[in-house]
Amino acid sequence: MSVKYEDLQYLESEKKSQGFTDDSKFQRDLATLRTTFSNFTSNTTAEVQALKSQGEPGGSLQEMITSLKAEVESHKQELQAARSLNDKVLSLESSLENQLQELKAGYSEMLLRVQQLVKNLNSLTCKMAALKSNGSQNNCCPTSWLEHEGSCYWFSSSGKPWPEAEKYCQLEDAYLVVINSREEQDFVQAHIGSSYTWMGLSDLDGVWKWADGTDYETNFKNWKPGQPDDWQGHGLGGGEDCAHFHPDGKWNDDACQRPYHWICEAGLSKGS
């Protein structure tokens, strides 16, 4: 049942008209009730106004929603910008990769041309030497190659795996060095220094063979004691299928992937 403030005033008037003005306890209870009702009314009105304010367009709740929407929109724009930047980076990487491939192809072509120019220059140098000797010197080794007993030898100053070293010699119209005698062994040993150095001997198909087809079984050998042993504990996969010189000249089989120095050998006619 609802009670209005005017009802409280009516009760007080009725009480006075009926002669109860001397009842002090009733007066106190009525005053307390009036105060409580007044406070309740004031508080309820304030809460209603606060709720109305929050629901209005300019209220704090609306402002919070608007702020959150703006923040979400900002994050969406940042995400779109990040995706756009990522696409640009991927496109740039692809472009750089294509350019790198083109540069590699151009470098390979240029290297072949330079090698051909070197061969032509070596051939011209050899022919000039033959002319100066009045025909007494019909063949010669190219510049930077050493001559010994009718062959030309080139000693590398860097390292390559055995297959790459073999390919290098083939591009020079030569082959990885083949040792046919103690004299040739001593000549090579005198020029390899302290480096491990590949020779043209391998058993990639299970049988030892020389690069120029020389018969292995009947040819000169200079293996270290206990070699070749086809050791498989080096961790590079497979066994040991390529032969190299130790600094002391002794031979050893090793994993062909190792980047050792190498020696190319060619006949004197290479320079003519």
Side-chain angles (χ1 to χ4, degrees), residues 111 114-115 118-119 121-122 125-126 139-205 207-236 238-271:
L111 181 60
V114 169
Q115 289 176 340
V118 171
K119 291 178 182 180
L121 178 60
N122 290 336
T125 301
C126 185
N139 298 302
C140 59
C141 291
T143 304
S144 75
W145 289 62
L146 300 179
E147 190 274 332
H148 176 76
E149 297 294 331
S151 292
C152 300
Y153 301 82
W154 182 85
F155 296 80
S156 77
S157 58
S158 61
K160 288 181 180 293
W162 193 94
E164 294 183 24
E166 180 187 38
K167 184 65 175 178
Y168 181 95
C169 292
Q170 290 174 351
L171 291 174
E172 293 292 325
D173 295 326
Y175 47 85
L176 283 172
V177 66
V178 175
I179 304 300
N180 294 292
S181 65
R182 168 56 62 181
E183 290 76 18
E184 188 174 18
Q185 167 71 35
D186 293 341
F187 167 77
V188 169
Q189 183 177 337
H191 292 86
I192 61 176
S194 60
S195 301
Y196 283 13
T197 306
W198 291 124
M199 67 179 73
L201 182 61
S202 65
D203 70 338
L204 297 171
D205 58 358
V207 179
W208 286 105
K209 295 179 181 179
W210 285 105
D212 68 344
T214 297
D215 182 67
Y216 168 75
E217 296 298 334
T218 60
N219 201 43
F220 176 80
K221 300 178 183 64
N222 195 41
W223 294 103
K224 289 179 69 70
Q227 302 300 327
D229 61 357
D230 197 29
W231 185 57
Q232 300 188 16
H234 44 68
L236 298 176
E240 297 178 321
D241 299 322
C242 298
H244 69 90
F245 298 99
H246 272 273
D248 63 1
K250 293 291 186 180
W251 304 354
N252 177 59
D253 60 334
D254 207 338
C256 302
Q257 304 96 307
R258 296 193 188 278
Y260 292 160
H261 288 204
W262 73 95
I263 305 169
C264 294
E265 180 180 359
L268 277 174
S269 59
K270 170 182 171 58

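One-based numbering along the sequence shown. Hydrogens, waters and symmetry mates are skipped; everything else that's a heavy atom, side chains included, is used.
- Remark: H234 pairs with W231, L236, E240, A255, R258 by the side-chain contact (heavy atoms from CB on, under 4.5 Å) rule, at least two apart or across chains.
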*Go through K221 and W208 one step at a time and tell me if the side-chain contact (heavy atoms from CB on, under 4.5 Å) criterion holds.*
CA-CA 12 Å; K221 300 178 183 64; W208 286 105; over 6 Å; no
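- In this structure, CG in N252 is found 7.0 Å from CG in D229, a value given to the nearest 0.5 Å.
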*So Y216 and K209, side-chain contact (heavy atoms from CB on, under 4.5 Å) or not? Walk me through it.*
CA-CA 6 Å; Y216 168 75; K209 295 179 181 179; over 6 Å; no
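- Using a 4.5 Å heavy-atom threshold, the side chains of Y196 and P247 count as touching.
- Here the closest heavy-atom approach between residue V178 and residue E265 is recorded as N-OE1, 3.0 Å.
- Atoms CG and NE2, from N222 and H246 in turn, are 11.0 Å apart once rounded to the nearest 0.5 Å.
- Atom SG of C242 is separated from atom CG of L201 by 9.0 Å, given to the nearest 0.5 angstrom.
- For W154 and Y168, the ring centers sit closer than 6.0 Å to each other.
- Partners of H261 under the side-chain contact (heavy atoms from CB on, under 4.5 Å) rule, at least two apart in sequence or in another chain, are S156, S195, T197.
- Between atom NZ of residue K250 and atom CD of residue Q189 there is a gap of 8.5 Å, rounded to the nearest 0.5 Å.
- At least one side-chain heavy atom of D248 sits less than 4.5 Å from a side-chain heavy atom of K224.
- For the ring-ring contact (aromatic ring centres under 6.0 Å, His included) test with Y260, the passing option among W198, F245, W162 is W198; the others fail.
- W210 is listed as a side-chain neighbour of M199, based on a closest heavy-atom distance under 4.5 Å.
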*Go through the steps to decide whether Y153 and E184 satisfy the test side-chain contact (heavy atoms from CB on, under 4.5 Å), and finish with yes or no.*
CA-CA 11 Å; Y153 301 82; E184 188 174 18; 2.6 Å; yes
*asked:* D253 vs D241, test: side-chain contact (heavy atoms from CB on, under 4.5 Å). Steps then yes/no.
replied: CA-CA 6 Å; D253 60 334; D241 299 322; over 6 Å; no
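- Going from atom OG of S151 over to atom CZ of F187 covers 9.0 Å, rounded to the nearest 0.5 Å.
- Between the side chain of E147 and the backbone N or O of C141, no donor-acceptor pair lies under 3.5 Å.
- Looking at every heavy atom in both residues, G267 comes nearest to C152 through O-SG, 4.0 Å.
- Side chain of K160 to main chain of S158: no donor-acceptor pair is present (N/O by atom type, distance under 3.5 Å, no hydrogens or angles).
- Rounding to the nearest 0.5 Å gives a distance of 11.5 Å between CD of E149 and CG of N180.
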